[in-house]
Amino acid sequence: MHLRPPLTERLTRVQLVGLDVAVGIALLLWGRPTDAQLATAGLPLRGWYALLTLLACAVAAKRLWPRPALGVSLATYATMAAYGFVKFPSLAVAFCLYQFALSQPRSRALVGLVLAEAVVGGGMAMGRGSVLFDNVWAAMWLGQSAPIVAFWAAGMMIRSQRAHDAGLRAQAERQAQARIEEAQRTVIEERLRIARELHDVMAHSMGVIAVQAGVGRHVIAGHPDEAAKALTAIETVSRTALREMRALLDVLREEPPAADAADAPDLAKPGLSDLPSLIEQTGRTGLQVELRIRGTARQLPPSIDLAGYRIVQEALTNSVKHAATARARAQVSYHPDGIEIEVTDEGRDSVGLPGRPGPAVAPDSPGGRVGHGLIGMRERVALSGGDFAAGHLPLGGFRVWARFPTGESA
């Protein structure tokens with residue numbers, strides 16, 4: 001059930017001003033004095049209606065111009081009080097003071113209250129022939145002050161409530177905007193993660209497939225057994241790539257992946273424990289990789305385990321595609337407070353001279369050793385708060401190094 005907002009919040013500004021005009025007209029019609037009162041005061045009827053019209057205009061315009069409206073109402077009240085009319089005009093002053101307190105700062109609203117009370121008190125004294133500070137005057141002043149203070153207090157309370165509600169709305173809007181921005185950041189981060197995963201999977205798999213396809217094409221005529229081995233390697237690598245791509249694409253679906261027990265192992269993310277299988281796949285391309293494990297292998301956080309595997313995978317893929325060598329080395333060192341990964345090869349440089357480092361290559365160069373793969377590796381390490389380095393070795397070849405902190409101690 002939704003509560004309806006107050007009437008003053010459901011009306012438009014034009015409707016509220018129209019309501020003020022109606023109140024002013026009602027005061028104009030209701031405020032005609034008796035003939036005896038006019039005779040006693042010595043004020044002609046025309047003059048009375050002129051003053052009454054000023055009061056009505058002040059009430060009608062109080063929402064548009066609160067300060068001038070209050071000033072006109074106080075001046076008109078003082079003039080009418082000089083002729084002995086002190087009771088009826090104070091109602092118009094109360095209306096104008098209410099709007100003044102509602103629209104002005106607290107200090108200015110307090111000044112308006114003091115000024116109104118002073119004018120009403122002085123006007124009552126003038127209406128009684130300048131007799132001030134007696135019991136009758138005090139009783140009359142209290143009677144006139146009560147509605148004025150009440151209207152002023154009502155304006156102040158409504159103003160405070162509106163300010164409180166506005167603060168809550170602004171806070172809710174900030175929280176909603178923060179949730180939107182957080183959701184956008186999450187989407188961007190997930191998009192980048194999937195892009196890195198797809199790049200690593202496809203770069204390694206297609207590199208291996210391309211090499212094996214080339215081998216099969218050259219040996220199929222004279223060595224069909226070797227061609228069959230190449231086709232088997234292509235089949236194995238392509239199936240592995242399809243399984244990993246399926247696991248990535250499942251996160252893009254709104255529904256959860258199918259709960260098929262036979263497919264469940266296929267959706268598992270690879271880790272450092274899968275490096276022997278990766279080394280075996282890479283060996284089918286002709287690149288013989290030596291895997292070294294230093295320290296005692298242990299369970300790692302899933303994000304670091306996956307990132308370490310992807311770094312070795314991408315580094316070996318770069319060696320297959322860019323290095324004219326048949327040997328590489330991958331080393332994983334387990335330390336008490338983290339792990340260290342190093343992949344090196346003995347490949348030639350970009351100009352084909354062994355034993356000498358090639359020139360620096362721009363990150364987006366299609367033929368260089370530095371490309372989107374290295375950028376992805378650097379991003380993976382940065383997300384885990386680690387360190388990363390990659391570059392040519394002084395005596396030739398290429399080196400990729402990464403260190404991941406695990407927050408553990410011996």
Side-chain angles (χ1 to χ4, degrees), residues 1-28 30 53-78 88-121 141-191:
M1 179 178 179
H2 298 282
L3 297 178
R4 297 185 66 186
L7 178 62
T8 54
E9 295 184 8
R10 285 185 277 130
L11 297 178
T12 64
R13 184 173 178 83
V14 174
Q15 291 172 331
L16 291 173
V17 172
L19 184 61
D20 293 337
V21 172
V23 173
I25 294 175
L27 290 176
L28 181 63
W30 181 48
T53 300
L54 285 177
L55 277 180
C57 290
V59 172
K62 67 183 179 63
R63 198 174 303 273
L64 301 176
W65 302 288
R67 283 185 289 179
L70 179 62
V72 170
S73 67
L74 290 176
T76 306
Y77 176 86
F88 167 76
S90 63
L91 184 60
V93 173
F95 276 119
C96 293
L97 186 62
Y98 161 81
Q99 190 65 42
F100 186 82
L102 186 63
S103 61
Q104 301 300 308
R106 186 179 299 273
S107 57
R108 187 174 295 174
L110 184 60
V111 171
L113 175 64
V114 173
L115 181 61
E117 290 292 348
V119 171
V120 169
W141 182 77
L142 289 176
Q144 295 295 313
S145 296
I148 291 177
V149 174
F151 273 73
W152 178 85
M156 291 297 294
M157 286 189 295
I158 294 177
R159 179 180 181 275
S160 298
Q161 182 63 38
R162 289 181 180 178
H164 177 70
D165 293 343
L168 292 180
R169 286 193 296 268
Q171 182 180 3
E173 290 175 358
R174 289 194 297 269
Q175 292 175 350
Q177 184 64 30
R179 287 193 294 268
I180 293 174
E181 294 175 355
E182 179 64 23
Q184 291 175 344
R185 284 194 297 270
T186 302
V187 170
I188 292 174
E189 292 173 0
E190 185 66 11
R191 184 186 301 169

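How far CG of Leu97 is from CG of Leu102: 11.0 Å, rounded to the nearest 0.5 Å. For the atom pair Ile148 CD1 and Leu91 CG, the distance stands at 9.5 Å (nearest 0.5 Å). To the nearest 0.5 Å, atom CD1 of residue Ile158 and atom OG of residue Ser103 are 12.0 Å apart.
Val149 is linked by a side chain to side chain contact (heavy atoms under 4.5 Å, CB included) to Leu113, Glu117, counting only residues two or more places apart in sequence or in another chain. Take Arg67 and apply the side-chain hydrogen bond (donor to acceptor under 3.5 Å, both in side chains) test, not counting sequence neighbours, and it matches no residue. Checked against side chain to side chain contact (heavy atoms under 4.5 Å, CB included), Ala109 has the following partners two or more places apart in sequence or in another chain: Ala101, Trp152, Met156. Partners of Ser160 by side chain to side chain contact (heavy atoms under 4.5 Å, CB included), not counting sequence neighbours, listed by chain and number: Arg106. Not counting sequence neighbours, the partners of Phe151 by the ring-ring contact (aromatic ring centres under 6.0 Å, His included) test are Phe95. Listed by chain and residue number, nothing satisfies the side chain to side chain contact (heavy atoms under 4.5 Å, CB included) test with Leu19 (two or more places apart in sequence, or in another chain). Take Arg159 and apply the salt bridge (charged side-chain N to carboxylate O under 4.0 Å, His left out) test, not counting sequence neighbours, and it matches no residue.
Closest approach of Ala58 and Val72 over heavy atoms only: CB-CG1, 4.1 Å. The two residues Ala69 and Cys96 have their closest heavy-atom pair at O-SG, 3.9 Å.
Screening residues 54-63 for side-chain hydrogen bond (donor to acceptor under 3.5 Å, both in side chains) gives Asp20-Lys62, Asp20-Arg63, Lys62-Gln99 as the qualifying pairs, with residues at least two apart or on separate chains. Residue pairs meeting the salt bridge (Lys or Arg N to Asp or Glu O under 4.0 Å) criterion with at least one member in residues 173-184, sequence neighbours excluded: Glu182-Arg185.
Side-chain atoms of Ser73 come within 3.5 Å of backbone atoms of Leu70 as a donor-acceptor pair (strictly under, hydrogens ignored).
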